Peer 1: 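Below: one structure in structure tokens.
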Amino acid sequence: MSTHNFETLRSAVLDASVARRWAQAVEEWQVVGVEEDPRGTGICVCGKTNLVYLYTIHNERTRETLFPIGSSCVNLFEVEELNVSVAVLRRLYDLRASFSSGRPVILTTEHFSRAVLADLWQNGAFPPNEYNRSNGDNDYKFLLDMFNQRHDPTDKERRKIWVLINRVIKPFVMTDTRLG
């Protein structure tokens, strides 16, 4: 297994960026997708081998895309938003795997985080409907409140959580194009 080569990564990023300095160039990029290679045969743009999770980063200014890139290389960008995106996409990927396998998905830190709920909301997982008073923000705020509370939900709250996870979040995650 080879380790990452920062100079190779740096060169690939700078070549595909407007900025000519690393510190400015890394600010141009965002994580837009993740795929899994269960055999671990992925090779990062830096040359590191044995990647299992292969991320795609995109530069909107140049329309350039780098793939595959490993999470450790994204961490070298030292941009908090990118690190959060990597963590959220990985959690969403794992959430999809749970749904696919038929394992129960509940509103706990095993499956969700505040960042995951925020990402779902920002990417349209909570459409307006008659049950949320035509405002999907209400579903997001409800789940966030339930996630943050320190006591067990009531039976009514538990039923609503189940419906939101299984009838709203599940279809969204199963078709999320960011998850390869």
Side-chain angles (χ1 to χ4, degrees), residues 26-40 42 51-60 65 67-75 77-180:
V26 296
E27 296 289 337
E28 297 176 20
W29 294 87
Q30 57 184 261
V31 179
V32 296
V34 62
E35 295 177 22
E36 182 182 23
D37 177 357
R39 295 178 301 151
L51 298 182
V52 174
Y53 292 97
L54 315 169
Y55 293 88
T56 302
I57 60 173
H58 181 72
N59 184 321
E60 191 62 38
T65 299
F67 173 85
I69 185 164
S71 58
S72 60
C73 280
V74 174
N75 291 335
F77 284 44
E78 297 182 342
V79 175
E80 184 61 26
E81 287 177 40
L82 294 178
N83 295 340
V84 169
S85 293
V86 164
V88 165
L89 285 175
R90 172 66 192 276
R91 296 288 295 270
L92 289 173
Y93 197 90
D94 292 344
L95 186 59
R96 178 190 274 181
S98 292
F99 284 132
S100 293
S101 71
R103 291 191 305 266
V105 173
I106 55 176
L107 190 63
T108 64
T109 56
E110 178 184 354
H111 299 288
F112 294 95
S113 67
R114 287 173 195 84
V116 166
L117 291 171
D119 180 86
L120 289 167
W121 171 65
Q122 291 163 352
N123 284 287
F126 305 110
N129 59 50
E130 63 183 287
Y131 303 107
N132 60 26
R133 296 185 304 275
S134 298
N135 186 345
D137 293 357
N138 292 329
D139 288 339
Y140 163 66
K141 289 174 186 172
F142 170 78
L143 285 175
L144 187 61
D145 287 346
M146 294 294 103
F147 185 79
N148 288 331
Q149 76 180 3
R150 297 190 186 274
H151 59 83
D152 289 337
T154 66
D155 286 341
K156 184 178 178 181
E157 290 168 336
R158 197 177 346 271
R159 283 191 302 274
K160 184 173 180 176
I161 291 167
W162 186 93
V163 167
L164 289 171
I165 289 173
N166 292 285
R167 302 262 166 83
V168 177
I169 293 174
K170 181 179 179 178
F172 181 85
V173 169
M174 297 306 287
T175 60
D176 191 339
T177 58
R178 299 174 299 166
L179 310 175

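Computed from a prediction, not measured in an experiment: that's the story for all the values here.
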Peer 1: Starting at CG of Asn75, measure out to CD of Glu80 and round the result to the nearest 0.5 Å.
Peer 2: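 Reported to 0.5 Å precision, the distance equals 9.5 Å.
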Peer 1: Do the side chains of Glu157 and Asp152 get nearer than 4.5 Å, heavy atoms only?
Peer 2: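 No; the side chains remain at least 4.5 Å from each other.
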Peer 1: Side chain of Gln149, backbone of His151: donor and acceptor closer than 3.5 Å?
Peer 2: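 A pair under 3.5 Å: yes.
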Peer 1: Find out whether Pro127 and Val168 are in side-chain contact, i.e. whether some heavy atom of one side chain is under 4.5 Å from a heavy atom of the other.
Peer 2: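 They are in contact (side-chain heavy atoms under 4.5 Å apart), so the answer is yes.
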Peer 1: Quick one: CG on Leu143 to CZ on Phe112, what's the gap to the nearest 0.5 Å?
Peer 2: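 The distance works out to 7.5 Å.
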Peer 1: About how many Å separate CD1 of Ile57 and SG of Cys73, when rounded to the nearest 0.5 Å?
Peer 2: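 Cys73 SG to Ile57 CD1: 9.0 Å, rounded to 0.5 Å.
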Peer 1: Val31 and Thr56: side chain to side chain contact (heavy atoms under 4.5 Å, CB included), yes or no, with the steps?
Peer 2: CA-CA 6 Å; Val31 179; Thr56 302; over 6 Å; no
Peer 1: Rounded to the nearest 0.5 Å, what's the gap from CG on Leu54 to CD1 on Ile69? Could you check?
Peer 2: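 It is 11.0 Å, given to the nearest 0.5 Å.
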Peer 1: Can you name the nearest heavy-atom pair linking Arg96 to Gly180, along with the distance?
Peer 2: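 Residues Arg96 and Gly180, closest heavy atoms: NH1-O, 3.5 Å.
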Peer 1: Is there a side-chain contact between Asn129 and Asp139 in this structure, where contact means two heavy atoms from C-beta onward sitting under 4.5 Å apart?
Peer 2: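 Side chain of Asn129 against side chain of Asp139, heavy atoms only: contact under 4.5 Å found.
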Peer 1: Between Asp145 and Lys141, is there a salt bridge with N-O shorter than 4.0 Å?
Peer 2: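 No, Lys141 and Asp145 are not salt-bridged.
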Peer 1: Given the rule in the side chain to side chain contact (heavy atoms under 4.5 Å, CB included) test, do Leu92 and Leu120 qualify, once you have shown the distances and angles that lead to the verdict?
Peer 2: CA-CA 9 Å; Leu92 289 173; Leu120 289 167; 3.9 Å; yes
Peer 1: Around atom CZ of Arg133, are there more than 12 heavy atoms of other residues, nucleotides or ligands at under 6.0 Å?
Peer 2: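 For Arg133, atom CZ is not crowded (no more than 12 foreign heavy atoms under 6.0 Å).
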Peer 1: Any heavy-atom pair between the side chains of Val105 and Ile169 that's under 4.5 Å?
Peer 2: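 Of all side-chain heavy-atom pairs linking Val105 with Ile169, none is under 4.5 Å.
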Peer 1: Could you check Arg90 against Ser71 for side chain to side chain contact (heavy atoms under 4.5 Å, CB included), going step by step and ending with a plain yes or no?
Peer 2: CA-CA 10 Å; Arg90 172 66 192 276; Ser71 58; over 6 Å; no
Peer 1: Can you sort out the partners of Tyr140 under ring pair (Phe, Tyr, Trp, His ring centres under 6.0 Å), two or more places apart, ordered by chain and number?
Peer 2: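 Checked Tyr140 against ring pair (Phe, Tyr, Trp, His ring centres under 6.0 Å); matches are Trp121.
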Peer 1: Answer whether the closest heavy-atom distance between the side chains of Asn148 and Arg114 falls below 4.5 Å.
Peer 2: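 They are in side-chain contact.
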Peer 1: Of all the heavy-atom pairs spanning Met146 and Pro153, show the shortest one and how long it is.
Peer 2: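 The answer is SD-CB, 4.2 Å.
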Peer 1: I'd like to know if Arg91 and Asp94 make a salt bridge, using a cut-off of under 4.0 Å between side-chain N and carboxylate O.
Peer 2: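 A salt bridge is absent here (no side-chain N lies under 4.0 Å from a carboxylate O).
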Peer 1: Run the numbers on Asp176 and Asn123 for side chain to side chain contact (heavy atoms under 4.5 Å, CB included), then give the verdict.
Peer 2: CA-CA 9 Å; Asp176 191 339; Asn123 284 287; 5.8 Å; no
Peer 1: If every non-hydrogen atom of Ala115 is compared with every non-hydrogen atom of Val84, which pair is closest and at what distance?
Peer 2: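 Reported closest heavy-atom pair: CB-CG1, 4.3 Å.
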Peer 1: If we only count heavy atoms from C-beta on, is the Phe126 to Asn138 side-chain gap below 4.5 Å?
Peer 2: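 Sidechains of Asn138 and Phe126: no contact.
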Peer 1: Work out which heavy atom in Leu164 is nearest to a heavy atom in Phe142; give both atom names and the distance.
Peer 2: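 Looking at all heavy atoms of both residues, the shortest contact is CD1-CD2, 3.7 Å.
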Peer 1: To the nearest 0.5 angstrom, please state how far the CD atom of Glu28 sits from the NE2 atom of His58.
Peer 2: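 Going from the CD atom of Glu28 to the NE2 atom of His58 covers 11.0 Å.
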Peer 1: Look up atom CG in Leu82 and atom CZ in Phe77, then write down how far apart they are to the nearest 0.5 Å.
Peer 2: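 Reported to 0.5 Å precision, the distance equals 6.5 Å.
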Peer 1: Using side-chain heavy atoms (C-beta onward) and a distance below 4.5 Å, is Val52 in contact with Asp37?
Peer 2: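 No, every pair of side-chain atoms sits at 4.5 Å or beyond.
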Peer 1: Looking at Ser98 and His111, what are the two nearest heavy atoms and their distance?
Peer 2: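 For Ser98 versus His111, the nearest heavy atoms are OG-CE1, 3.6 Å.
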Peer 1: Which pair of non-hydrogen atoms, one from Leu107 and one from Ile165, has the smallest distance, and what is that distance?
Peer 2: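 Closest approach of Leu107 to Ile165, heavy atoms only: N-CD1, 3.7 Å.
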Peer 1: Side chains of Tyr93 and Arg178: does their closest heavy-atom pair fall under 4.5 Å?
Peer 2: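 No; the side chains remain at least 4.5 Å from each other.
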